[in-house]
Amino acid sequence: MPQEKTKPKDFIRAIIDEDLRTDKYGGRVHTRFPPEPNGYLHIGHAKSICLNFGIADEYGGLCNLRFDDTNPTKEDVEYVESIMEDVRWLGYDWGDRLYYASDYFEQLYQYAIELIKMGKAYVCDLSPEEIRQYRGTLTEPGKESPYRNRSVEENLDLFQRMRVGEFPDGSRTLRAKIDMASPNLNMRDPVIYRIMRVPHHRTGDKWSIYPMYDFTHCLSDSIERITHSLCTLEFEDHRPLYDWFLDQLGVYHPRQIEFARLNLSHTVMSKRMLGQLVDEGYVRGWDDPRMPTIAGLRRRGYTPEAIRTFCDRIGLAKRDSMVDIALLEHCVREDLNKRAQRVMGVLHPLKVVIENYPEDKVEELDAINNPEDPSMGTRKVPFSRELYIERDDFMENPPKKFFRLAPGREVRLRYAYFITCVDVIKDENTGEVIELRCTYDPATRGGDAPDGRKVRGTLHWVSAAHAIPVEVRLYEHLFLKPDPGDVEKGKTFKEYINPNSLVVLNPCYVEPSLANAKPGERFQFERVGYFCVDSVDSKPGTPVFNRTATLRDTWAKIQKREAKNQ
RNA sequence: UGGGGGAUCGUCCAGCGGCAGGACGACGGGUUCUGGCCCCGUUAACCUAGGUUCGAAUCCUAGUCCCCCAGCCA
């Protein structure tokens with residue numbers, strides 16, 4: 001067996017290896033992905049999904065999907081649906097282990113009663129404002145609540161009455177009795193139940209109280225016999241509390257491990273900011289192809305494989321970092337290069353008339369569908385006297401390094417003929433080039449010259465009479481600033497939005513084979529980029545294309561450099 | 001001025017007392033019917049100061065800087 005270069009293990013997998021070696025959990029590995037159904041999943045969640053489900057796969061373990069639905073005022077079934085769709089689309093399967101924290105409400109309630117009976121929890125009548133004041137500050141200890149030493153009987157009675165809705169929202173809480181002087185604010189008698197007399201999307205109006213995250217999460221993990229509970233860095237301070245509840249109750253105790261969340265350059269990841277972009281109309285929805293949401297990336301044309309590869313390559317650590325979005329783009333190009341069918345499409349059309357080509361003649365020329373994958377075969381592309389080429393594939397006064405079409409110059413039309421530009425037609429008033437007159441060499445049919453002569457440039461083209469007019473949407477980074485979350489004084493992150501993040505081109509001309517392209521289908525427009533048929537706005541026969549990514553463009557780089565040297 | 005974390009090429013991740021390595025990016029070249037892909041090469045880093053050691057990114061000490069925490073959000 002060839003010695004594969006094995007990727008070094010990240011610190012979490014190292015911990016799991018160690019736990020396996022010491023038989024800490026009986027050889028089991030069981031993770032969970034625990035989203036709150038209050039928004040759409042984004043690429044940052046994908047990191048967590050790939051981590052949790054990926055580890056389960058690698059270790060022959062299991063990964064649960066669990067909705068952390070303890071706050072009915074913010075949650076909705078709409079999000080439950082989209083989250084399940086996105087996880088599935090990414091290629092992961094939770095089998096029959098779809099859980100909701102709300103499934104455990106009764107058991108959680110019993111655990112709370114147990115805590116009360118142990119004298120480890122009490123009903124507190126302090127108002128939210130008072131609780132804040134009693135909590136103290138980062139540098140000063142808090143004060144004990146005057147309700148801290150109620151009798152077990154009174155606590156039991158009050159808690160039961162909280163449950164059935166006898167008291168108004170916010171009037172009382174159930175708190176853990178820990179240590180108001182703890183340097184860790186999370187340990188200063190944290191609230192574990194609050195009164196919220198609102199219906200829950202799953203339990204209806206059964207409950208008037210809902211448990212808090214810290215209480216719910218550790219016990220849900222415990223109930224599900226999770227071995228390794230992976231979460232982001234900001235929960236590091238909560239780990240003592242996670243452990244405290246489990247220790248007090250003497251139940252099965254998973255291990256919480258924290259890792260750094262993903263930050264991606266040129267975009268934002270917070271639900272708050274993403275929601276603002278949607279609500280205030282900066283983008284057209286959670287699935288706008290400019291959004292870093294899974295739904296947006298999917299609509300943009302990203303593949304699950306590309307996203308998974310990306311999540312694998314960004315690595316895993318505890319330091320805060322900002323991954324360059326160029327890596328994401330690299331991953332999608334790499335994947336699409338292998339699988340996307342090549343087609344020809346002209347984004348900025350310039351008409352070309354082949355003067356020596358017969359008016360009524362049409363030839364069907366052979367084109368290769370994917371040079372990276374011969375099994376994808378070939379197709380026919382119609383060629384005729386009048387064509388469209390890309391406007392910037394022609395320059396009247398070309399610089400030295402430009403080797404595309406220019407007056408008197410010969411280039412190849414991909415899979416077709418060598419043509420030579422013999423005349424340039426301009427608009428009388430504006431001077432704009434509106435048409436090129438060219439001649440072709442019949443001997444170069446298919447794109448090779450029998451006399452062995454070479455041309456520097458090969459251009460893509462579309463037969464004017466056969467072209468399908470389509471709308472193409474070009475996308476760029478949503479933000480111009482690499483870190484839009486780093487807002488300068490007096491500004492908002494929205495001021496960094498790239499005004500060219502969406503450019504709509506219409507009409508563009510694509511080869512006729514694209515007339516029946518299906519929503520979600522991906523193509524490489526040769527020499528231009530990768531495009532995906534929009535799944536929302538396309539109509540049968542008139543596809544709308546989203547640009548997933550450009551091709552690497554060496555020529556653009558040269559131009560940029562020359563411009564700078566001027 | 002409390003507590004919890006973290007500092008390695010421009011970016012991300014390795015390295016666990018023995019030549020600081022990979023990926024992305026950038027730059028240069030080769031190849032080419034996509035200025036794509038692919039291939040080759042170059043660039044470029046251990047937060048600082050001491051100490052231990054034959055030898056320190058790694059161990060010790062003292063600093064510096066960055067992130068998180070004062071929701072009845074998760």
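Lettering of chains follows the sequences in order, A, B, ..., and the numbering in each one begins at 1. Atom set for the values below is all heavy atoms of this structure, side chains included, hydrogens, waters and symmetry mates excluded.
Not counting sequence neighbours, Asp324(A) has no partner by the salt bridge (charged side-chain N to carboxylate O under 4.0 Å, His left out) test. Applying the salt bridge (charged side-chain N to carboxylate O under 4.0 Å, His left out) test to Arg255(A) and every residue at least two apart in sequence or in another chain returns Asp19(A). Listed by chain and number, the residues in a side chain to side chain contact (heavy atoms under 4.5 Å, CB included) with Pro349(A) are Val346(A), Tyr388(A), Tyr509(A) (sequence neighbours excluded). Residues passing the salt bridge (charged side-chain N to carboxylate O under 4.0 Å, His left out) test with Arg239(A), sequence neighbours excluded: Glu258(A). In this view, Asp553(A) satisfies the salt bridge (charged side-chain N to carboxylate O under 4.0 Å, His left out) rule with no residue, not counting sequence neighbours. Judged as a ring pair (Phe, Tyr, Trp, His ring centres under 6.0 Å), and not counting sequence neighbours, the contacts of Tyr417(A) are Phe383(A), Tyr440(A).
Residue pairs that meet the salt bridge (charged side-chain N to carboxylate O under 4.0 Å, His left out) test with at least one member in residues 158-170 of chain A, sequence neighbours left out, are Glu106(A)-Arg163(A), Asp157(A)-Arg161(A), Arg161(A)-Glu166(A), Asp169(A)-Arg197(A). The list of salt bridge (charged side-chain N to carboxylate O under 4.0 Å, His left out) pairs with a residue in residues 335-348 of chain A, not counting sequence neighbours, reads Glu305(A)-Arg339(A), Asp335(A)-Arg339(A).
Taking the six-membered ring for Trp and thresholds of 30 and 60 degrees, Tyr109(A) and Phe159(A) have nearly parallel ring planes, at less than 30 degrees apart.
Checked by atom type and distance alone, the side chain of Asp69(A) pairs as donor or acceptor with a backbone atom of Ser102(A) at under 3.5 Å. Using a distance-only test at 3.5 Å, with no hydrogens or angles considered, no donor-acceptor pair links the side chain of Asp86(A) to the main chain of Ile83(A).
Between G6(B) and A49(B), the distance separating the two P atoms is 23 Å to the nearest Å. Spacing of P atoms, A45(B) relative to G35(B), comes out at 35 Å, to the nearest Å.
In terms of position on RNA chain B, the residue among Gly457(A) and Leu138(A) whose nearest nucleotide sits closer to the 5' end is Leu138(A).
Anti is the glycosidic conformation of G22(B), whose angle departs from 0 by more than 90°.
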Original post:
How would RNA chain B look in dot-bracket form, 5' to 3', counting Watson-Crick and G-U wobble pairs with both distances under 3.5 Å and writing | for bases paired to another strand?
Top reply: .((((((..((((....[..))))((((((.......))))))...(((((..]....))))))))))).....

Scan nucleotides 71-74 of chain B against the protein and return all N/O pairs shorter than 3.5 Å with their distances rounded to 0.1 Å.
| unit_1 | atom_1 | unit_2 | atom_2 | d |
| --- | --- | --- | --- | --- |
| G71(B) | OP2 | Arg135(A) | NH2 | 3.0 |
| C72(B) | OP1 | Arg135(A) | NH2 | 3.4 |
| C72(B) | OP2 | Arg135(A) | NH1 | 3.0 |
| C72(B) | N3 | Gly170(A) | O | 3.2 |
| C72(B) | N4 | Leu126(A) | O | 2.9 |
| C72(B) | N4 | Pro128(A) | N | 3.3 |
| C72(B) | N4 | Gly170(A) | O | 2.8 |
| C73(B) | OP2 | Arg194(A) | NE | 3.0 |
| C73(B) | OP2 | Arg194(A) | NH2 | 2.8 |
| C73(B) | O3' | Arg194(A) | NH2 | 3.2 |
| C73(B) | O2' | Asn71(A) | ND2 | 3.1 |
| A74(B) | OP1 | Thr70(A) | OG1 | 2.6 |
| A74(B) | OP1 | Arg194(A) | NH1 | 3.4 |
| A74(B) | OP1 | Arg194(A) | NH2 | 3.0 |
| A74(B) | OP2 | Tyr213(A) | N | 3.0 |
| A74(B) | O3' | Asp68(A) | OD2 | 3.4 |
| A74(B) | N6 | His238(A) | NE2 | 3.3 |

Between the protein and nucleotides 36-42 of chain B, are there any N/O to N/O pairs under 3.5 Å, and if so, what are the atom names and distances?
| unit_1 | atom_1 | unit_2 | atom_2 | d |
| --- | --- | --- | --- | --- |
| G36(B) | OP1 | Thr554(A) | OG1 | 2.6 |
| G36(B) | N2 | Arg342(A) | NH2 | 3.4 |
| G36(B) | N2 | Glu372(A) | OE2 | 2.7 |
| C37(B) | O2' | Asn337(A) | ND2 | 2.8 |
| C37(B) | O2' | Glu372(A) | OE1 | 3.4 |
| C37(B) | O2' | Glu372(A) | OE2 | 3.4 |

Distances for protein N/O vs nucleotides 11-15 of chain B N/O pairs under 3.5 angstrom?
| unit_1 | atom_1 | unit_2 | atom_2 | d |
| --- | --- | --- | --- | --- |
| U11(B) | O3' | Met322(A) | O | 3.3 |
| U11(B) | O2' | Met322(A) | O | 3.0 |
| C12(B) | OP1 | Met322(A) | N | 3.1 |
| C12(B) | O2' | Ile314(A) | O | 2.5 |
| C13(B) | OP2 | Arg319(A) | NE | 2.8 |
| C13(B) | O3' | Leu316(A) | O | 3.4 |
| A14(B) | OP1 | Leu316(A) | O | 3.0 |
| A14(B) | OP2 | Arg319(A) | NH2 | 3.4 |

